[in-house]
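Here is the structure we will look at, set down as structure tokens.
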2 protein chains.
Amino acid sequence: MPTPVAKNSHAELSSALRPALLRVTRMLRNQRADQSLTLTHLSALAALRLNGPMSAGELASFEKVQPPSMTKILATLEGRGLVRRDVHPSDRRQAIIALTPQGDSLLDSERRSRDAWLNKRMAVLTDEERGVLAAAIPVLVKLADQQ
Amino acid sequence: MPTPVAKNSHAELSSALRPALLRVTRMLRNQRADQSLTLTHLSALAALRLNGPMSAGELASFEKVQPPSMTKILATLEGRGLVRRDVHPSDRRQAIIALTPQGDSLLDSERRSRDAWLNKRMAVLTDEERGVLAAAIPVLVKLADQQ
DNA sequence: TATTGTTATACTCTATAACTATA
DNA sequence: TATAGTTATAGAGTATAACAATA
């Protein structure tokens with residue numbers, strides 16, 4: 001039986017949520033070994049696919065990292081030809097980042113490979129449990145976007 | 001409106017889950033600045049509170065890190081007097097790790113402080129959304145424990 | 001002056017490989 | 001031999017501070 005969590009206690013929810021998220025995220029990062037992209041880089045590409053081209057600052061904010069961290073992530077992605085950097089038409093300070101066709105296609109193949117790995121682990125869950133995870137995603141996103 | 005997720009597609013669930021977990025975990029780690037313990041160290045203490053004393057290897061496995069990573073985490077915690085290391089009575093290779101009274105009380109105060117911070121962000125969620133998160137915790141734990 | 005992004009730097013997090021001690 | 005844990009080492013992940021360019 002997994003850890004029980006009282007639904008009417010914020011404090012207990014917060015305390016239980018942190019280590020659960022930390023551990024499952026470690027599990028996801030640990031897949032990296034056999035992948036060509038780290039979770040960090042994959043997530044940045046996915047953000048560009050989801051939102052379309054955006055400035056480096058917007059991407060940093062969306063990904064919940066500081067601007068210098070995004071600079072480094074983008075240097076790697078650009079070096080591999082996965083993203084393109086265009087100057088904003090009316091504000092030359094801004095770098096508008098877009099997926100290249102190579103980035104788009106690597107995102108697809110990386111997702112297929114990672115999904116196959118994760119789906120295998122998801123197979124132990126019931127349909128109801130997978131439904132709970134699916135329902136949790138927009139809530140996690142809303143929470144991450146706080147502040 | 002948050003990202004919609006089809007509940008009957010494993011692949012889409014996996015693809016959507018990864019970045020959502022990554023981003024919310026970054027948000028949680030970013031609180032570190034004003035805390036005395038990192039999320040990594042807090043989680044290890046919480047694991048000891050939850051499970052009672054356990055070997056270093058069991059703790060590494062529970063926390064989803066490799067043994068050398070746990071060695072390092074424990075060195076810090078022991079250096080601060082938060083955990084104690086006892087030799088296993090019948091197998092002198094094993095180090096049995098236990099919370100000290102100081103570790104126990106620091107875990108409490110750290111949780112209070114972190115919970116206050118997170119609860120403030122949780123306040124934007126509805127009761128139903130918090131219920132969804134609470135329901136997701138055992139599922140995330142079950143998923144993390146796969147493999 | 002304020003904002004966008006980068007450079008320089010450092011610390012945290014974590015892993016793999018090789019080793020020691022014990023079983 | 002096999003297992004538990006540590007040491008040595010390196011790479012990934014990320015932050016703060018200081019800077020440059022532009023607005």
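All chains are named by letter (A, B, ...) in the order of the sequence lines, taking the proteins before the strands, and each is independently numbered beginning at 1. Small disclaimer: the values here were computed from a predicted structure and weren't measured.
To the nearest angstrom, C1' of dT7(D) lies 17 Å from CE of Met70(B). Atom CD of Gln66(A) and atom C1' of dT14(D) are 9 Å apart (whole Å). Atom pair His41(B):NE2 and dT14(C):C1' shows a separation of 12 Å (rounding to whole Å applied). Note: CD1 (Ile96(A)) to P (dT4(C)) measures 11 Å, nearest angstrom. Per the geometry, CG belonging to Leu77(A) stands 13 Å off P belonging to dA12(D), to the nearest Å. Put simply, CD on Gln35(B) is 15 Å from P on dT12(C), counting in whole angstrom units. Atom CD of Gln31(A) is separated from atom C1' of dT14(C) by 17 Å (rounded to the nearest Å). Rounded to whole Å, atom P of dA21(D) lies 20 Å from atom NE2 of His88(A).
Looking at Arg49(B), its side chain does come within 3.5 Å of a backbone N or O of Asp104(B) through a donor-acceptor pair. A donor-acceptor pair is defined here as one N or O able to donate and one able to accept, closer than 3.5 Å; no such pair exists between the side chain of Arg18(A) and the backbone of Leu28(B). Using modelled atom types, no side-chain atom of Arg29(A) and backbone atom of Leu39(A) make a donor-acceptor pair closer than 3.5 Å. Judged by distance alone, with hydrogens and angles left aside, the side-chain atoms of Arg130(A) form a donor-acceptor pair with the main-chain N or O of Leu125(A) at under 3.5 Å.
Partners of Arg80(B) by salt bridge (Lys or Arg N to Asp or Glu O under 4.0 Å), not counting sequence neighbours: none found. Shown here are the salt bridge (Lys or Arg N to Asp or Glu O under 4.0 Å) partners of Glu78(A), two or more places apart in sequence or in another chain: Arg85(A). Residues satisfying the salt bridge (Lys or Arg N to Asp or Glu O under 4.0 Å) criterion with Arg111(B), sequence neighbours excluded, are absent altogether. For the salt bridge (Lys or Arg N to Asp or Glu O under 4.0 Å) test, residues two or more places apart in sequence or in another chain that qualify with Arg114(A) are Glu110(A).
Side-chain contact check for Leu42(B) versus Leu22(A): every heavy-atom pair is 4.5 Å or farther apart.
Using a 4.0 Å cut-off between charged side-chain N and carboxylate O, Lys142(A) and Asp145(A) make no salt bridge.
Among the heavy atoms of the strands lying under 4.0 Å from Thr40(A) are primed sugar atoms or P, OP1, OP2 only; no base atom is included. Nucleic acid contact class of Thr38(B) (heavy atoms, under 4.0 Å, all strands): sugar-phosphate only. Among the atoms of the strands shown, base atoms are found under 4.0 Å from some heavy atom of Thr71(A).
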Inset, instruction - Indicate for each nucleotide in nucleotides 18-23 of chain C, in 5' to 3' sequence, whether protein heavy atoms under 4.0 Å reach the base (B), only the sugar-phosphate (S), or nothing (-). - result: ---BBS
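Residue Asn30(A) places no side-chain N or O under 4.0 Å from the OP1 or OP2 atom of dT14(C). Dashed line: the shortest gap from a side-chain N or O of Arg85(A) to OP1 or OP2 of dT4(C) is not under 4.0 Å. Between dA12(D) and Arg26(A), no contact under 4.0 Å exists linking OP1 or OP2 to a side-chain N or O. Not one side-chain nitrogen or oxygen of Ser69(B) sits closer than 4.0 Å to the OP1 or OP2 atom of dC13(C). The phosphate of dT14(D) (OP1 or OP2) has a side-chain N or O of Arg29(A) nearer than 4.0 angstrom.
Not a single donor-acceptor contact under 3.5 angstrom links the side-chain atoms of Lys72(A) to the base of dT6(C).
The residue among Ile73(A) and Ser55(B) whose nearest nucleotide of DNA chain D is located toward the 5' end is Ser55(B).
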Inset, instruction - Taking Watson-Crick and G-U wobble pairs with both distances under 3.5 Å, convert DNA chain C into its dot-bracket string, 5' to 3', dots for unpaired and | for cross-strand pairs. - result: |||||||||||||||||||||||
